Amino acid sequence: MAARTIRLNAQPVLLASGNSDSGLGIATREDEAMTRSERTASRSTTTNEREARSEIVHAATNAPRLRRLLFIVGILALALTVVRISLIMAAVAAARSDVRALRQLSQQSPSTTSPSELDTTAERADDLHGRLQRLNQLTALPYGQRQLVAHLPWVGERYVAARRLIQVGLNLSSAGEQGAALGSAVLNAYQATGVNASSAQTQPTWIDLLSRNQPAIDRILNEVDAADRISRGINMSVLPSGLRADVTDLNNALDRFNAAGGSRGIRVDVNALMAGLGSDKPARYLVLLQNPAELRPSGGFPGTMGLVTIDRGQLVSYSIFDGHTLTNAYIAQRRTKRPEPWPIDHYFPQDGFLLHDAGWYADFPMAGSTIMSMYAETDWPPINGVIAVDPATVEDLLQVTGPLDIEIEGEMRHVTADNVYDEIERQRRLIVDGIRPWDKSREVHKEAVATIGEAIIENLKHADRGQMIEAVKLLKRSADIRDIQAYSADPNLQAFLNERHWTGSLNPDPATPAVAITFANVALQKTSENMHPSMDFEIGPAVSGRRAVSLTINVDNTGPLFDDPLYSSLQMWWIQVALPPEFTWLAASLPRQPDPAAPNGGSYVIAVEPTESKQLTVTFSMPADSAFLLRRQPGLSTAAVQVDLPTCHGSLSASLTRDQIIAPDALCQP
């Protein structure tokens, strides 16, 4: 007899089927042997089965009603979610008023921002952070619900965008609060200590606070990095138009931040700058005040020099002196005579390679390292680097500090940005013209340089914050065009200077090949500023992946015929042409000089009398699809540049006040 098992209360019960092995429709003997209690249980089981079948039938009858109920519940949940998202977006929009206020404060000039205003900024950022934290709690959902809402049509993508936007706000408001608080403390310290060191000073300087708060700076930068990552993942299309514009502005600001080096770059730069400004120990620099009237490849002859010592961001001491003083100390203590560069040895040989001539190299990092190695052979205090300064920078600083009324050789002189160079040279002209007797023991014009330089430094030491910021801006602009060139023995600081093209490198930007044409007057008179050069490039068509370029250098001696030979006489121009490695020298109209250190474009000499003009033509080839940077030489009178591409009638006219990019393909575009 076949049987099926039903489990009830975990006990197996055998029920007879309609078909038995005997063919009888009655119970077997096992059934007859059941006790009363077992029969009672059997009847109960039968009753439960009937009730279960009845519930199934009832549920099947009411299935449409259940589906309608679930649908209504879903609609209500969706409606509540929409309401919640709407409230979230409204709250986010309300926080924009705080953001606008913070933005206005951030756009205020650093020269006028006060510590109290930074404190207010920190408070507003903190308030905004608290509001966003509450909003973050309001919008938080358990994981399962969050996943469900994120996949809902229309609502989900808006919920995700809102949550990400809140997180961006949390990161940036936190960074803003910490940054403003730190800025207030640093500014308070700067206002208390300035840049002028005092022997009685005991409180921390502004750079002390930066050094001590490195962990806070790291936290701020980490917050900005996190905001940047999250902001890039926001779906802009689902945001309200006003918020969309704000997020676009934010992303643009973050783009500029990243282009400037981002968090990693700032960390490296801050550490390098702090070390350069003496955060750990005093930093001392040799300053070369170059005279472009006696032009050298690096800018000019450094007849006057200075030593500047900075400790914890403050000027501790300085001295300005005749450059020959340091050279004499080097001669007295050098271990061996160094061989001179070929042009010096050939045109004005001296007692070996001297320290004041070590800036001969057009590549200032080479000049700086050579000067430092010579300096190290003296008994003078050790230095951390070398800085070359062109007189144009002094003129710029006088625009910040204002005119000077100072005594020079018993005369009160009114020195301005327009006449400072003339006032310096006036002292020498008085001797040359026989008005003042010549004292062989003194270089009066160099003493004038020292007097003017000291007056400018003293004014800057006591300048207000606005003037100091303007001075820093002017120094930056001078470094941008190579009127200031710096070399540091600290590799981190040198890397910082390299990234900004402030080292006077022969190839300022490794990503762009550079053509560097440098000049020096090896006749040694003070006539260099009478020479006004120009450069004409004629670029040929592309043939087999190359272009031929004809460079004509025009040298014009504008000096008057009848003047003292010191200021107007024969000029002997040493001209070097440095080409990128992938460029090839082809020919020149003048013989190349036998200089073993000549660059790949050759070294040449042109003798030019007053009112006379001469030319040098150098031909080279370059890759057809290449552009190149034409490098400006510091100290050189501004050169006119003309570029022509006859095949496409393209042309460029420029003044070499700063480096110029020359791109043949761009010139050929209509």
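Here the structure is a predicted model, which means the values were calculated and not measured. Below, all heavy atoms of this structure are taken into account, side chains as well, without hydrogens, waters or symmetry copies.
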Novice: Is the shortest heavy-atom distance from the side chain of Glu609 to the side chain of Leu570 under 4.5 Å?
Specialist: yes

Novice: With a 3.5 Å cut-off and no angle check, do the side chains of Trp502 and Asp480 form a donor-acceptor pair?
Specialist: yes

Novice: Less than 4.5 Å apart, side chain to side chain, heavy atoms only: is that true for Val515 and Pro580?
Specialist: yes

Novice: Report the C-alpha separation of Asp483 and Thr393 in whole Å, then their side-chain angles, then the decisive distance to 0.1 Å, and conclude whether the side chain to side chain donor-acceptor pair (under 3.5 Å) test is met.
Specialist: CA-CA 7 Å; Asp483 281 342; Thr393 302; 5.0 Å; no

Novice: Hey, are Tyr421 and Asn291 close enough side-chain-wise for a donor-acceptor pair under 3.5 Å?
Specialist: yes

Novice: Tell me whether Arg413 is salt-bridged to Asp422, with the criterion being a basic N under 4.0 Å from an acidic carboxylate O.
Specialist: no

Novice: Is it the case that Ser528 and Glu294 place a side-chain donor and acceptor less than 3.5 Å from each other?
Specialist: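 Distance-only check fails for Ser528 and Glu294.
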
Novice: Determine whether the side chains of Gln571 and Asn530 contain a donor N or O and an acceptor N or O closer than 3.5 Å.
Specialist: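 Short answer, no.
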
Novice: Hey, are the side chains of Gln467 and Thr401 touching, using non-hydrogen atoms and a 4.5 Å cut-off?
Specialist: no

Novice: Hey, can you tell me if Tyr347 and Trp574 have their rings parallel, tilted or perpendicular (30° and 60° cut-offs)?
Specialist: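 Rings of Tyr347 and Trp574: perpendicular, over 60°.
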
Novice: Answer whether the closest heavy-atom distance between the side chains of Glu447 and Glu409 falls below 4.5 Å.
Specialist: yes

Novice: Strictly distance-based, threshold 3.5 Å: is any side-chain N or O of Tyr375 a donor or acceptor partner for the main-chain N or O of Pro381?
Specialist: yes

Novice: Can you name the salt bridge (charged side-chain N to carboxylate O under 4.0 Å, His left out) partners of Arg426, sequence neighbours left out?
Specialist: Glu411

Novice: Excluding sequence neighbours, so at least two apart, what forms side-chain hydrogen bond (donor to acceptor under 3.5 Å, both in side chains) with Tyr318?
Specialist: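 For Tyr318, the residues satisfying side-chain hydrogen bond (donor to acceptor under 3.5 Å, both in side chains) (neighbours in sequence not counted) are Glu458.
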
Novice: Going by the rule ring pair (Phe, Tyr, Trp, His ring centres under 6.0 Å), which residues pair with Phe321 if we only count those two or more places apart in sequence or in a different chain?
Specialist: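 Counting only residues at least two positions away or on another chain, Phe321 forms a ring pair (Phe, Tyr, Trp, His ring centres under 6.0 Å) with Trp380.
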
Novice: Can a salt bridge be assigned to the pair Arg429 and Asp563 using a cut-off of 4.0 Å between side-chain N and carboxylate O?
Specialist: yes

Novice: On a heavy-atom basis, which atom in Leu561 and which in Pro610 lie closest, and how many Å separate them?
Specialist: CD2-O, 3.9 Å

Novice: If the plane angle is over 60° it's perpendicular, under 30° parallel, otherwise tilted; pick one for Phe628 and Phe537.
Specialist: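 Ring orientation of Phe628 relative to Phe537: tilted.
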
Novice: Taking Asp564 first and then Arg428, would you say they form a salt bridge - that is, a charged N and a carboxylate O separated by under 4.0 Å?
Specialist: no

